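Values reported hereafter were calculated over all heavy atoms of this structure, with side chains retained and with hydrogens, waters and symmetry mates removed. Predicted model only: the values in this text are computed from it and were never measured.
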Amino acid sequence: MAAADLNFPDGQSIVWAARLLGNRPKGRVPLTHVTAPLCGAWAAAGLPVFLLGGKPGVAERAAERLHTDHRVRVVGVAHGYFQPADEPALIAAINASGARILLVGLGNPRQELWLAEHRDALAPPVAITCGGWLDWTAGERRPCPPLVYRFGLEWAYRLAQEPRRLFARYVLGNPRFLYHVLRRGSRPRTAPVAEHPMARPGF
C-alpha cells in the first residue's frame, strides 16, 4: 500500500506487473526466504516480537519454532479470527506486551487494511504484514519445491493444495489483476513517480 514505509514484491504477480509497467525488479522477496537473517537480527538485538494471525494455535506453534530455531523472544500471540468488537482489547494486549516488532498475518488485503486503520494506535514501532508466513513457520503449510518456486509457479502449487479457498484469489483474481495492470500500462504518464528514499543506493 502507498501508506507503507517500505513495500517489497512478495508475490510473483507483482514482479510480472512491475516488468509490464517498465520496472526491473530482480525478483521476489518472500518472507519465507529472509526468515533466518531477519530472526537472527531480532534475536541478536533482543527485540521482542508479537505474532498476530492464523487459526487458533498457529501463532503459538510459530512462536515455539521461532524460539527454538532462532532464539527469537516472542512476548505475545493472538489468532486472526477476531471481530471488530475484540479490537480494542487486542490492541491493548499488543501494546502492553512491550513488543517492538508486530507481525500481522491476516491474509491480503485484510492485513494491510487492518494495519492502515489501526497503525497510529499500535505501540510497536515496526509492523510487518506476513500473509501465510505464520502457517509456514508453524508447519501448517508444506514449503514450495525449489523448482516450482524458480519458475514463479508457487501460486499454482498453493492452488493445488487449497483449491476451494484460493480459487477466487488466483483463478478469478489473477486475470482481473492483469487487466488492471495492462490498462494502467496503456495510460500516458503525466509525471514521474517519486522514488522512496530507501530505494536509493546506500539505504
| task | In sequence, state the C-alpha distance, the side-chain angles, and the governing distance for W133 and I128, and then conclude on side chain to side chain contact (heavy atoms under 4.5 Å, CB included). | result | CA-CA 11 Å; W133 181 76; I128 303 172; over 6 Å; no

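- Taking all atoms of both residues into account, the shortest heavy-atom contact from Y81 to P56 is CD1-CD, 4.2 Å.
- Residue G98 comes nearest to P48 through the heavy atom pair O-CG, 3.2 Å, listed as atom of the first residue, atom of the second, then distance.
- Using a distance-only test at 3.5 Å, with no hydrogens or angles considered, a donor-acceptor pair links the side chain of R65 to the main chain of T137.
- Distance check: L90 CG to F82 CZ gives 5.5 Å after rounding to the nearest 0.5 Å.
- The minimum heavy-atom distance between D135 and G54, with the atom names listed, is OD1-CA, 4.4 Å.
- No side-chain donor-acceptor contact under 3.5 Å links D69 to the backbone of L66.
- Note that CG of L38 is 11.0 Å distant from CG of L47, once rounded to the nearest 0.5 Å.
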| Should L172 and F167 be marked as a side chain to side chain contact (heavy atoms under 4.5 Å, CB included) after you check the CA-CA gap, both sets of side-chain angles, and the distance that decides it? | CA-CA 7 Å; L172 302 180; F167 179 85; 4.0 Å; yes

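- Of the listed residues (N95, V49, I101, L103), just one forms a side chain to side chain contact (heavy atoms under 4.5 Å, CB included) with P124, and that residue is N95.
- With contacts defined as side-chain heavy-atom distances shorter than 4.5 Å, the pair V104/L51 does not qualify.
- Here the NE2-NZ distance, from H79 to K55, works out to 13.0 Å after rounding to the nearest 0.5 Å.
- The nearest pair of heavy atoms linking A62 to A138 is N-CB, 3.8 Å.
- No hydrogens or angles considered: nothing links the side chains of T129 and W114 as a donor-acceptor pair under 3.5 Å.
- Between P125 and A99, the shortest heavy-atom contact is CD-O, 4.5 Å.
- The hydrophobic cluster containing V34 does not contain V15, counting ILVMFWY residues as joined when their side-chain heavy atoms lie under 4.5 angstrom apart, directly or transitively.
- To the nearest 0.5 Å, atom CD of residue E60 and atom CG of residue L134 are 10.5 Å apart.
- One distance of note links CG of L106 with SG of C130; it measures 8.0 Å at 0.5 Å rounding.
- For the pair V126/L102, no side-chain contact is recorded, criterion being any heavy-atom separation below 4.5 Å from C-beta on.
- Side-chain N or O atoms of H70 include none that pairs as donor or acceptor with a backbone N or O of V72 at under 3.5 Å.
- We find that R61 and E140 are joined by a salt bridge, their nearest charged nitrogen and carboxylate oxygen being less than 4.0 Å apart.
- Side-chain contact check for H118 versus E87: some heavy-atom pair is nearer than 4.5 Å.
- Closest of all the heavy-atom pairs between S97 and V75 is O-CG2, 3.7 Å.
- Between the side chain of Q111 and the backbone N or O of G107 there is at least one donor-acceptor pair closer than 3.5 Å.
- Side-chain contact check for L31 versus W136: every heavy-atom pair is 4.5 Å or farther apart.
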